[in-house]
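Notes for the one structure printed next.
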Amino acid sequence: QVRLVESGGGLVQAGGSLSLSCAASRTIFSFIAMGWYRQAPGKQRELVATMSSRGTTNYADSVKGRFTISRDNAKNTVYLQMNSLRPEDTAVYYCKLALTPIYNYWGQGTQVTFSS
């Protein structure tokens, strides 16, 4: 069993930046990928960015060039640096760990809200 704890959400203004963190409760020796998803009110959860165990990254078109996913294996933590934030980035951001093709773990989510 793995518990994922996200942090770093909050209020942000146009063009602002936020950094999200997702810490796993134990060392993950083998996994498929870790990543970030988001869900805006009334919308389905969507992929934001993922990183495979080999470091291959994948981004949603809407965040390319603005968001960066990274990982610190020593801290069992994955990060999402979000720059040039837009109102449409408002959502609950979830961390996901794809441990195996069957076992996926999700964090509790952290809210990112655009403030005018």
Side-chain angles (χ1 to χ4, degrees):
Q1 189 76 6
V2 179
R3 190 166 65 96
L4 303 175
V5 179
E6 298 113 332
S7 60
L11 290 173
V12 64
Q13 294 183 329
S17 298
L18 278 178
S19 181
L20 305 182
S21 299
C22 172
S25 58
R26 63 172 177 84
T27 299
I28 308 298
F29 295 103
S30 176
F31 64 97
I32 296 174
M34 291 188 74
W36 292 93
Y37 291 70
R38 67 187 181 188
Q39 187 165 17
K43 295 187 177 181
Q44 291 188 332
R45 192 171 298 187
E46 62 177 3
L47 178 148
V48 176
T50 62
M51 177 179 281
S52 74
S53 59
R54 295 186 177 186
T56 302
T57 58
N58 181 42
Y59 293 92
D61 288 342
S62 60
V63 307
K64 283 181 181 177
R66 300 188 299 123
F67 291 10
T68 303
I69 188 171
S70 61
R71 189 174 73 224
D72 186 333
N73 292 330
K75 296 182 178 180
N76 304 314
T77 300
V78 64
Y79 304 94
L80 184 68
Q81 177 64 41
M82 305 186 293
N83 298 325
S84 301
L85 282 160
R86 304 167 180 169
E88 55 264 38
D89 295 319
T90 293
V92 178
Y93 284 72
Y94 296 92
C95 176
K96 176 186 174 182
L97 166 64
L99 198 59
T100 72
I102 297 175
Y103 291 106
N104 295 309
Y105 295 94
W106 292 89
Q108 81 286 354
T110 185
Q111 178 73 50
V112 173
T113 302
F114 183 83
S115 174
S116 58

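Note on V2: it clusters hydrophobically with Y103, by side-chain heavy-atom contacts below 4.5 Å among ILVMFWY residues. Hydrophobic clustering, with ILVMFWY side chains joined whenever heavy atoms are under 4.5 angstrom apart, keeps Y79 apart from V92. I102 and I32 are not part of a single hydrophobic cluster, where members link through side-chain heavy atoms under 4.5 Å apart. In the hydrophobic clustering of ILVMFWY residues, with side-chain heavy atoms under 4.5 Å counting as a link, Y37 and M51 come out apart.
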With a 3.5 Å cut-off and sequence neighbours excluded, list the donor-acceptor pairs that the side chains of residues 19-26 form with protein atoms.
| residue | atom | partner | partner atom | Å |
| --- | --- | --- | --- | --- |
| S25 | OG | R3 | N | 2.8 |
| S25 | OG | R3 | O | 3.4 |
| R26 | NE | Q1 | O | 3.3 |

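Counting all heavy atoms, side chain and backbone alike, V12 lies closest to S17 at CG2-N, 3.9 Å. Scanning both residues, I69 and V78, for their nearest heavy atoms gives CG1-CG2, 3.8 Å. Annotation for N76 and I28: closest pair OD1-N, 3.8 Å, computed over non-hydrogen atoms. Nearest heavy-atom pair across M34 and C95 is CE-SG, 4.2 Å.
More than 12 heavy-atom neighbours from other residues, nucleotides or ligands sit within 6.0 angstrom of CD on E88.
Ring geometry for F67 versus Y93: interplanar angle of 30 to 60°, hence tilted.
Y94 contributes no side-chain N or O that, together with a main-chain N or O of E6, makes up a donor-acceptor pair within less than 3.5 Å. The closest donor-acceptor contact from the side chain of T90 to the backbone of F114 lies under 3.5 Å. Judged by distance alone, the side chain of R71 and the main-chain N or O of S52 form a donor-acceptor pair under 3.5 Å. At least one donor-acceptor pair under 3.5 Å links the side chain of T110 to the backbone N or O of G9. No donor-acceptor pair closer than 3.5 Å links the side chain of Q39 to the backbone N or O of A91.
Hydrophobic cluster membership for V5: none, as no Ile, Leu, Val, Met, Phe, Trp or Tyr side chain comes under 4.5 Å of it.
For the pair K96 and T50, the minimum side-chain heavy-atom distance is 4.5 Å or more. In this structure, the side chains of M82 and W36 stay at 4.5 Å or more apart for every pair of heavy atoms. Residues L18 and D89 form no side-chain contact, since every pair of their non-hydrogen atoms from C-beta on lies 4.5 Å or further apart.
In this structure, the separation between CG on L47 and CZ on R38 is 10.0 Å, given to the nearest 0.5 Å. For the atom pair CG of N104 and CG of L99, the computed distance is 8.5 Å after rounding to the nearest 0.5 Å.
We find that K64 and D61 are joined by a salt bridge, their nearest charged nitrogen and carboxylate oxygen being less than 4.0 Å apart.
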